[in-house]
Structure formats: structure tokens, C-alpha cells
Amino acid sequence: MKFLDKYFTKDPCNTGRQFELDVFRFILIYRLAIVHVFVDGSPASALDTLSIPYYFDSIVGGVIGPTRFMIIMGIGLAYTRHGSPKEVFQRGIKIGIVGFLLNVFRYLIPSLIGYGVSGDAEKYLEPLPYLFFGNDILQFASLAMILMALLLYLKLNPPKILAVALGLSIIGTLFRSVDLHNNILNVIFGHIIGVENASGDPYIYSDFPLLIWFIFYAFGYIFGYYYQRLKDKKKFYNIVSPICIVIATAFCAWEIYGGFGMMMGEGANVFYHMNTIEAFICIIAFIGTLMFSFYLSKIIPEKWKKPIESVSRNVNSIYCIHWVLVWWIVDLLIYNLRGNPYIDNPIDAYLLGLLLSIISMLLAEVWSRTKIKYKRKKAHEKER
């Protein structure tokens, strides 16, 4: 098409790591622990009303958090040299195993310790099966990669994959916030559709149903495909991004002050069941705010580039480490010392989250270097 030829090259011209994407991912990563300290360390009333905890939960940790991680994951698939259907499928299985192991150290072990120390079954034992077997972002990523592997195996191009994702999103919109009237079925099918227990049990609520959330991964894939071929990134950000920011901001403000919709609704989980229109608003917001990372990447000193890239590469390790730290410190240590996990002062919650974030980054880097040394050692032994 001549129109596309005006803005995109036939062959990739933006190859290799795109530093603005690393900057964007770094900003998302450093806020992980901060968001989850506010989520676990705040009472429900603070998360359900306009407040600082609501901001970090429903906005930073909701609309402008996980959706962007999924888009970035899709972009990574477009850029990877290991994007065959078999490799994507294997990666999906590995991510699923990592998610299972995370739940062992994040939920199972500290919950058993917490119950042993406090005897509080309501806090530690009753929600444990739903926390352990429910769908978090790693479980979703696993299913999304497996589905993507199937679509790639069928040789669908990026536009067709996005079309499939759009269809799934519409179906997911129709089948959301449903109750199968059986907790086991709710947990199982909650990985696919938006499940919500009619009793209002917060633990029987599917967080990342595949049908609703796959569109972000698929969009990231098509965005990455064309981003590699984009002739003038600066022109793109100067023209397209500001329009996207205005549209997304207006829509979000409309939902917040109108008190309706799922994307910006009050409550810790409602955004997980957003509809197709709201999903597109999240996508538009991503395109808009990526502009800031692009221009920020141009002024970041050279000495900071490698650390930022390192954090960006270690996203999975940081995610797992920060969650273990948050649960062991907020839900186990603070809860047993005070009788509740609440951190009343928002500044204290922010600083604790920031500290845990820094620790997570450092530990993830140590883990990364350890793995590299181990691989080199094994390769050296094979050469002998």
C-alpha cells in the first residue's frame, strides 16, 4: 500500500534494542513494589475511594501498569530472534512453571508460617487455595504465549493475529463478571473468562482472563512489527502521541468522575474485566505516553544506559523477587507485629515500596550474573 510505504520501510530499519522501550519498561518495573505495598498495605476503603492508595492501585497498578507490560511483551516477541511457534510455546510453558514456583514462595510458604505463628486461618488459610491456583500475570502470560504459538503455527500475520485478539476481546466483554456457582470452576475458568463470585468474595475474581487481555499482547506484536519499519520515530511521537494522550486522558477522566465503567472503576480489581473499548483506550494511552520515554531516552547520561537496560532485561526476575519481598514483609512480618498489614502514612508506604524495588533490582542482577557464570562454566566444561 502506497500510504504505508510513505511511513514504513519494507525491511526493518529499527533493529536491535530500542532504548526508549527499555526506559519505558524501567519506569514500569521500579513502581512494581510501590504499587503492591499500597495494595497489600491499605484497607479496602482506601482502595475504593479517590485517594493516594487508589491512585497507585487502580491507575498506576491498574490501567497504566499491567496492560503496558503485556504490550511490551508483545513488542519483545516481534523483536526476538527466538520467535518460532515452538520457541514461543516452550517459553509459555516455562513462564507457567515460574508462576507456579512464585506462588510457592509468595503465598504457600509464608501463609503456612503466618498461620503457624498467629493461628489466623481467615487471613492465611481460607484465601490460600484461590491465591495459589488463581490467575496472576504470569499465568496469563503463559496462556497468551501458548495461544500466540498456535496462531504463529497457523502462519497468521500480525494484522490477522490482532483481528483474532479483537474477536476474543469482544467475546470476553460478553462473558465477563460471571459466576459459575462453583468455586473450583470459577478458579479454573477464571483463567479464560472474567469470573466474579456473586457473593462478592474478593478472592474469587479472575485477574487476567485470557479473552479480555490477549488483545494487549497481540497489539504489542503488531506494534513491534511496524515499529521496526517506522521511518521517522520523532515525527510519529510529535504527531500521533499527543492526540492519543488527549483522547485517553479525556476518556479516563470521564469514567472517573462519571463513576461508571470497568477500566477506572473504584475497587481493587474491576479493571481486569474492562470491555473492548476500554482496552483500546489503554492501547491509545500506551502510544501516547511512550513519547515521554522516547524523549527521556535522548537525555539520559550514557553511564545510566547499561543499568537501565539491565533492569529491563531482568523484568521476570524482578517481578518474582519483589512479590516475595512484599508478601513476606507486609502480609507476614507487619501483619504479625501489628495485627494488620496497614501502613497508614502514604509516604511510609511509598518509601518501603521504593526500598523493596531497589533490593529486587539488585538481587535480580546478582541472579542474572550467577546464571551467566554458570552457563559459561558448563560451556567451558563441554569444550574440554
Side-chain angles (χ1 to χ4, degrees), residues 39 57-58 61-63 65-71 73-74 88-89 92-93 95-96 99-100 102-103 107 127-151 154 156 160-221 255 260-283:
V39 172
D57 176 32
S58 294
V63 175
T67 58
R68 298 178 182 194
F69 270 116
M70 291 300 100
I71 294 173
M73 187 175 78
V88 176
F89 177 81
I93 296 298
I95 288 291
F100 175 82
L102 171 60
N103 283 351
Y107 294 136
L128 181 57
Y130 311 117
L131 291 172
F132 191 86
F133 292 105
N135 58 321
D136 198 1
I137 197 166
L138 292 183
Q139 285 74 22
F140 162 77
S142 175
L143 292 175
M145 289 180 182
I146 291 172
L147 175 57
M148 181 65 81
L150 173 61
L151 299 179
L154 295 175
L156 299 187
K160 289 181 180 178
I161 290 175
L162 184 62
V164 170
L166 175 60
L168 295 179
S169 176
I170 294 172
I171 295 172
T173 298
L174 297 175
F175 294 94
R176 60 179 180 154
S177 301
V178 298
D179 185 2
L180 300 178
H181 303 290
N182 180 288
N183 286 349
I184 295 177
L185 292 179
N186 278 337
V187 171
I188 293 173
F189 285 95
H191 291 265
I192 308 298
I193 62 175
V195 163
E196 179 179 6
N197 190 295
S199 68
D201 188 335
Y203 295 109
I204 315 286
Y205 193 102
S206 54
D207 289 348
F208 293 93
L210 180 66
L211 295 184
I212 293 175
W213 280 73
F214 185 72
I215 193 170
F216 299 115
Y217 187 36
F219 171 77
Y221 182 56
E255 278 211 349
F260 59 89
M262 299 297 287
M263 187 176 75
M264 304 298 294
E266 296 175 0
N269 294 316
V270 293
F271 81 95
Y272 291 118
H273 294 183
M274 68 179 74
N275 61 40
T276 303
I277 294 175
E278 292 170 326
F280 270 104
I281 293 298
C282 290
I283 288 171

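Values in this document were obtained by computation on a predicted structure and should not be read as measured data. We number each residue from 1, following the sequence as shown.
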Exercise. Mind checking the CG-CG spacing from Leu156 to Leu162? Nearest 0.5 Å is all I need.
Key: 11.5 Å

Quiz prompt | Beyond-backbone contact of Ile192 with Leu211, side-chain heavy atoms, under 4.5 angstrom | solution = yes

Quiz prompt | Pairwise side-chain contact, Met73 with Met145, heavy-atom cut-off 4.5 Å (strictly under) | solution = yes

Practice problem: For Arg68 and Gly65, indicate whether the former's side chain and the latter's backbone hold a donor-acceptor pair under 3.5 Å. | Solution: no

Quiz item: Can you tell me if CD1 on Ile277 sees more than 12 non-hydrogen neighbours from other groups inside 6.0 Å?
Solution: no

Quiz item: Under the criterion side-chain contact (heavy atoms from CB on, under 4.5 Å), which of Leu210, Asn103, Asp207, Ile95 is the partner of Gln139?
Solution: Asn103

Exercise. Starting at NE2 of His181, measure out to CG of Asn183 and round the result to the nearest 0.5 Å.
Key: 11.5 Å

Quiz item: Should Phe280 and Leu166 count as side-chain neighbours, where that means a heavy-atom distance under 4.5 Å?
Solution: yes

Quiz item: If we only count heavy atoms from C-beta on, is the Leu143 to His191 side-chain gap below 4.5 Å?
Solution: yes

Quiz item: Rounded to the nearest 0.5 Å, how far does SG of Cys282 lie from CD1 of Ile215?
Solution: 10.0 Å

Self-check item: Leu151 side, atom CG; Leu147 side, atom CG - distance, nearest 0.5 Å
Solution: 4.5 Å

Practice problem: Locate the shortest heavy-atom distance separating Asn186 from Leu180; write the atom from each residue and the value. | Solution: OD1-N, 2.9 Å

Quiz item: Would you call Ser206 and His273 a side-chain contact if the rule is heavy atoms closer than 4.5 Å?
Solution: yes

Quiz item: Any side-chain heavy-atom pair from Thr67 and Trp213 closer than 4.5 angstrom?
Solution: yes

Quiz item: With a cut-off of 6.0 Å (strictly less than), are more than 12 heavy atoms of other residues, nucleotides or ligands near CD1 of Ile184?
Solution: no

Exercise. Report the C-alpha separation of Tyr272 and Tyr205 in whole Å, then their side-chain angles, then the decisive distance to 0.1 Å, and conclude whether the ring pair (Phe, Tyr, Trp, His ring centres under 6.0 Å) test is met.
Key: CA-CA 9 Å; Tyr272 291 118; Tyr205 193 102; 7.0 Å; no

Practice problem: Give the intermediate values and the outcome of side-chain contact (heavy atoms from CB on, under 4.5 Å) for residues Arg176 and Val195. | Solution: CA-CA 6 Å; Arg176 60 179 180 154; Val195 163; over 6 Å; no

Exercise. List the atom of Phe208, the atom of Pro66, and the distance in Å for their closest heavy-atom pair.
Key: CE2-CB, 3.6 Å

Quiz item: Quick check: are there more than 12 heavy atoms from other residues, nucleotides or ligands sitting under 6.0 Å from CZ of Phe132?
Solution: yes

Practice problem: Side-chain contact test, heavy atoms from C-beta onward, threshold under 4.5 Å: evaluate it for Val164 versus Leu168 and give yes or no. | Solution: yes

Practice problem: Return the minimal non-hydrogen interatomic distance between Ala218 and Ala165, and the atom names on each side. | Solution: CB-CB, 3.4 Å

Practice problem: Would you mind reporting whether Tyr107 and Leu128 have side-chain heavy atoms less than 4.5 Å apart? | Solution: yes

Practice problem: Look up atom CD1 in Ile188 and atom CG in Asn135, then write down how far apart they are to the nearest 0.5 Å. | Solution: 12.0 Å

Quiz item: Just by modelled atom types, is the Ser169 backbone N or O under 3.5 Å from a matching donor or acceptor in the Thr173 side chain?
Solution: yes

Practice problem: Could you tell me which non-hydrogen atom of Phe214 sits nearest to which non-hydrogen atom of Ala144, and how far apart they are? | Solution: CE1-O, 3.5 Å

Quiz item: So which heavy atom on Glu196 is nearest to which on Asp179, and how close?
Solution: O-CB, 3.3 Å

Quiz item: What distance separates Thr276 OG1 from Ile171 CD1, expressed to the nearest 0.5 Å?
Solution: 9.5 Å

